[in-house]
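Working notes for the structure below.
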2 protein chains.
Amino acid sequence: MTSNESGRRHTRDDVARTALRILDDDGLPDLTMRRLAAALDVQPSALYHHFPNKQTLLAELADRIVARAAQPASGLDWSDTVRAEAAALRDALLAYRDGAEVVSSTFALGLGAGAPLDRFTDAVTAGGFDDETARRAATALLHFVLGHVSHEQQRLQYDSLGVLADSASAEAGTDSAEAFAFGIDLLVGGLERVSRSRT
Amino acid sequence: MTSNESGRRHTRDDVARTALRILDDDGLPDLTMRRLAAALDVQPSALYHHFPNKQTLLAELADRIVARAAQPASGLDWSDTVRAEAAALRDALLAYRDGAEVVSSTFALGLGAGAPLDRFTDAVTAGGFDDETARRAATALLHFVLGHVSHEQQRLQYDSLGVLADSASAEAGTDSAEAFAFGIDLLVGGLERVSRSRT
DNA sequence: ACCTGAACACCGTTCAAGT
DNA sequence: ACCTGAACACCGTTCAAGT
């Protein structure tokens, strides 16, 4: 359906694109190899010609999701660059249903989410911090972003199903973007108190 | 096996305890309803007398895991209380294989992880911050802790299987406890720069 | 290179029926 | 109250074979 209307033969890119469409339309739980195969009008086993397993497919989707994060304007203060990177990453994750979950699940293996980590690391390094500090700050930033947006997206999902517990439902009412910015500000603020190797 | 050696009839507590044992011995992917039933020497359908579904069972496990977090010493500075709560929660999550993943997956629904959130909130509130600030800081702290420890535990798992990508493997070498404390310090440090409603 | 057909070894959940 | 037996509607992955 992606590029071949009725004829067989798909490329790896077709498979990834169709998978992203299923993800966005129906969510991660419905993104099964069998459903993906059906959408491509192909047997499930055919998918294993393009990806060795589902995990590798999800890593590819994670890469594509984070690749759409906007580049911060140049000439910004290092701390504003960090804030801009965080906001851009959040927007990219929110652009696909369950986007944060996909990136999160893939991040642990060092397969996906390498790009966001590098971008945070570079932004912090520009503040004059040593490599170890920059890397640790970057993983803290990334953990917060993935956790926050995962939470945000799962609330959207459960809220639309009306299965949400009271406490979570109340929290969903407050502005997510503001709470997100606050968390990033805490990390950036904490970083500003850390001694720099060079200023 | 938990309380009945050969006779039938189990309690909800038996089921939860056996589930925790499977979790710790074999990990979350192996904790299936069918495997749990087999360990209890019972048909899978029998489990649904004790828990309405798997999600509810996991929420119960999450509650039990975080309940084992140690109480910080009293008389500490608010910021040291936050640090102590974070360390105690990390220890509790590390005490069970895939503990962070279980708590994390259950946190989004407001089913589990209510206790850790309240404890962080109380610790921050003791610093004289308003409720909104305390709640947001608490969720930021919780997101960092769950993300960090999930990551940590998945590295342990994949490392033992030798399936780890280079970058993640290198990162696994550095001291996790130190990196964890650094992340918490950033959040606490950021909080110390926020204006208080009362001091 | 890309795919089919068929199978293997599983899942969570429901439901009538038993004690 | 707690459980059995049987079924329903699925999973991811492998592998010989086809073009």
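Residue numbers begin at 1 in each chain, while the letters A, B, ... track the order of the sequences.
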Taking atom [atom2] of [N] as reference, at what distance in whole Å does atom [atom1] of [X] sit?
X: A:Leu47; N: C:dA1; atom1: CG; atom2: P; value: 18 Å
X: A:Leu36; N: D:dG12; atom1: CG; atom2: P; value: 9 Å
X: A:Asp14; N: C:dA1; atom1: CG; atom2: C1'; value: 14 Å
X: B:Asp26; N: C:dC11; atom1: CG; atom2: P; value: 12 Å
X: A:Phe51; N: D:dT13; atom1: CZ; atom2: P; value: 13 Å
X: B:Asp30; N: C:dC10; atom1: CG; atom2: C1'; value: 12 Å
X: A:Asp41; N: C:dC2; atom1: CG; atom2: P; value: 17 Å
X: B:Arg35; N: C:dA9; atom1: CZ; atom2: C1'; value: 15 Å

So CG of A:Leu31 and CG of A:Asp25: to nearest 0.5 Å the spacing works out to 11.0 Å
Review point. Is DNA chain D part of any stem, that is, at least 3 consecutive Watson-Crick or G-U pairs with both distances under 3.5 Å, and where?
Key: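 Runs of three or more consecutive pairs: C:4-8 with D:12-16, C:12-16 with D:4-8.
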Note to self: B:Phe120: which residues meet the ring-ring contact (aromatic ring centres under 6.0 Å, His included) condition with it, sequence neighbours left out?
What the structure shows: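 ring-ring contact (aromatic ring centres under 6.0 Å, His included) check on B:Phe120 returns nothing, list empty.
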**Asked** What residues, two or more places apart in sequence or in another chain, satisfy ring-ring contact (aromatic ring centres under 6.0 Å, His included) together with A:Phe182?
**Response**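 A:Phe182 satisfies ring-ring contact (aromatic ring centres under 6.0 Å, His included) with no other residue.
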Note to self: Measuring only the P atom in each nucleotide, how far is D:dC10 from C:dA9? A whole number of Å is fine.
What the structure shows: 22 Å
Contacts satisfying salt bridge (charged side-chain N to carboxylate O under 4.0 Å, His left out) that involve residues 42-59 of chain B (not counting sequence neighbours) are none
Contact list for residues 93-109 of chain A, test salt bridge (charged side-chain N to carboxylate O under 4.0 Å, His left out), sequence neighbours left out:
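Listed by first then second residue: nothing to list.
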Sorted by chain and residue number, the side chain to side chain donor-acceptor pair (under 3.5 Å) partners of B:Arg68 (sequence neighbours excluded) come out as none
Please name all residues satisfying side chain to side chain donor-acceptor pair (under 3.5 Å) with A:Asn53, sequence neighbours left out, ordered by chain then number.
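Here the qualifying residues are A:Thr56.
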- prompt: Under the ring-ring contact (aromatic ring centres under 6.0 Å, His included) rule, what pairs show up with a residue in residues 57-100 of chain B, not counting sequence neighbours?
  reply: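 Every ring-ring contact (aromatic ring centres under 6.0 Å, His included) pair that includes a residue of residues 57-100 of chain B, provided the two are not neighbours, is B:Trp78-B:Phe129.
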Looking at [N], I'd like to know if its phosphate oxygens (OP1 or OP2) sit under 4.0 Å from a side-chain N or O belonging to [X].
X: B:Gln43; N: D:dG5; value: yes
X: B:His10; N: D:dC2; value: no
X: A:His50; N: C:dA1; value: no

Would a line drawn from the ring center of B:His50 to the ring center of B:His10 be shorter than 6.0 Å? no
The contact string for nucleotides 14-19 of chain D, one letter per nucleotide 5' to 3', using protein heavy atoms under 4.0 Å with B, S and - for base, sugar-phosphate only and none, comes out as BB----
From the candidates D:dG12, C:dT13, D:dC2, the one with an atom nearest any side-chain atom of B:His49 is D:dC2
